[in-house]
Amino acid sequence: MRQLILAFPKIKERFPESELYIAGRDWFFPDGRSYIQYLKDSQIQDAVKDSIKFLGPVANHELPKYMEAAEICAYPSHMEAMPLAWIEVLSMGKAFLGSVLGPGPEVVKDHVTGRVCDPRDVASVERVLLEMLSDKEKI
């Protein structure tokens, strides 16, 4: 999530109408600090703060409406055991960004069923998302 947030300013610069919606529960550091608050306080540039929305936990039956509304569903995860959300997005025929880690390459054929990036590398996340958005713009 952090690398996606760090990549977002370049996305927003090239595609000013872009918004980033992040669904999922918060995680807490051992000292009790909120990870989402940490991101808001120190990782999100002021220029994009209003374009990043944290949805919190979203009920499974509500997720499809967010997926359907999305231009791209991005899941650059560092680890996935069985990426069910990926499979749901792919079955909807949505533009999809997954990860080269874990089962990513087994689930997603890069440039065929979706795209994959190195989620540890902000430049990789930026590059692939910009390519995806540029491709959509050509259609």
Side-chain angles (χ1 to χ4, degrees):
M1 176 178 2
R2 188 176 69 83
Q3 287 82 353
L4 182 57
I5 286 170
L6 293 174
F8 190 64
K10 290 250 170 109
I11 306 303
K12 186 79 173 165
E13 182 180 304
R14 173 73 174 82
F15 296 93
E17 69 284 359
S18 296
E19 294 184 323
L20 178 59
Y21 290 84
I22 300 172
R25 64 179 172 78
D26 199 357
W27 176 86
F28 295 89
F29 291 99
D31 66 3
R33 289 179 301 139
S34 158
Y35 186 63
I36 290 174
Q37 195 59 52
Y38 157 75
L39 293 170
K40 288 178 177 179
D41 291 345
S42 66
Q43 302 296 298
I44 300 174
Q45 292 182 13
D46 287 341
V48 298
K49 277 191 183 206
D50 292 340
S51 298
I52 298 177
K53 317 284 192 243
F54 290 90
L55 302 174
V58 175
N60 285 340
H61 70 278
E62 295 288 325
L63 283 174
K65 77 176 182 184
Y66 288 101
M67 292 173 181
E68 183 59 35
E71 185 90 15
I72 296 173
C73 295
Y75 296 84
S77 305
H78 287 233
M79 186 179 130
E80 290 281 348
M82 174 48 115
L84 294 177
W86 296 16
I87 295 166
E88 291 169 344
V89 168
L90 290 168
S91 72
M92 293 175 78
K94 298 298 294 186
F96 172 76
L97 172 65
S99 170
V100 296
L101 303 178
E106 294 174 28
V107 176
V108 181
K109 288 188 186 277
D110 197 30
H111 292 278
V112 178
T113 56
R115 296 296 312 272
V116 292
C117 68
D118 182 345
R120 301 163 294 193
D121 180 7
V122 174
S124 176
V125 177
E126 281 174 3
R127 180 181 49 74
V128 177
L129 280 172
L130 285 169
E131 288 172 6
M132 292 175 77
L133 287 164
S134 294
D135 288 348
K136 290 187 98 23
E137 193 175 56
K138 293 174 190 171
I139 296 174

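Computed from a predicted structure; not experimentally measured.
- When all heavy atoms of Val116 and Val100 are compared, the pair lying nearest together is CG2-CG1, 3.6 Å.
- More than 12 heavy-atom neighbours from other residues, nucleotides or ligands sit within 6.0 angstrom of NZ on Lys53.
- Looking at Leu4 and Leu129, their side chains come closer than 4.5 Å, going by heavy atoms from C-beta outward.
- Here the straight-line distance linking atom CD1 of Ile11 with atom CG of Leu20 works out to 9.5 Å at 0.5 Å rounding.
- Identified under the ring pair (Phe, Tyr, Trp, His ring centres under 6.0 Å) test for residues 99-134, with sequence neighbours left out: none.
- For Phe96, the ring-ring contact (aromatic ring centres under 6.0 Å, His included) partners are Tyr75, Trp86, not counting sequence neighbours.
- Within a 6.0 Å radius of CG in Asp50, no more than 12 heavy atoms belonging to other residues, nucleotides or ligands are found.
- Put simply, Tyr38 and Phe28 are part of two different groups of oily side chains (I, L, V, M, F, W, Y) that touch within less than 4.5 Å, one to the next.
- Under a 4.5 Å side-chain heavy-atom cut-off, the cluster of Ile, Leu, Val, Met, Phe, Trp and Tyr residues that includes Val122 is completed by Leu6.
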Would you sort out whether Met132 and Leu97 count as a side chain to side chain contact (heavy atoms under 4.5 Å, CB included), showing the intermediate values?
CA-CA 9 Å; Met132 292 175 77; Leu97 172 65; 4.0 Å; yes
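- Contact detail for Arg115 and Val108: the closest heavy-atom pair is N-CG1, 3.9 Å.
- By the side-chain hydrogen bond (donor to acceptor under 3.5 Å, both in side chains) test, Asp31 pairs with Arg33, sequence neighbours left out.
- Closest of all the heavy-atom pairs between Pro9 and Val48 is CA-CG1, 3.9 Å.
- Nearest approach of Val89 to Ala95, heavy atoms of both residues: CG1-O, 4.4 Å.
- Not a single donor-acceptor pair under 3.5 Å links the side chain of Asp26 to the backbone N or O of Gly56.
- Closest approach of Lys10 to Leu130, counting heavy atoms only: O-CD2, 4.1 Å.
- Applying the side-chain hydrogen bond (donor to acceptor under 3.5 Å, both in side chains) test to every pair with at least one member in residues 94-108, sequence neighbours left out, gives no pairs at all.
- The ring pair (Phe, Tyr, Trp, His ring centres under 6.0 Å) contacts involving residues 47-67 comprise nothing, where partners must be two or more places apart or lie in separate chains.
- Here the closest non-hydrogen pair linking Pro119 and Ser77 is CG-O, 3.2 Å.
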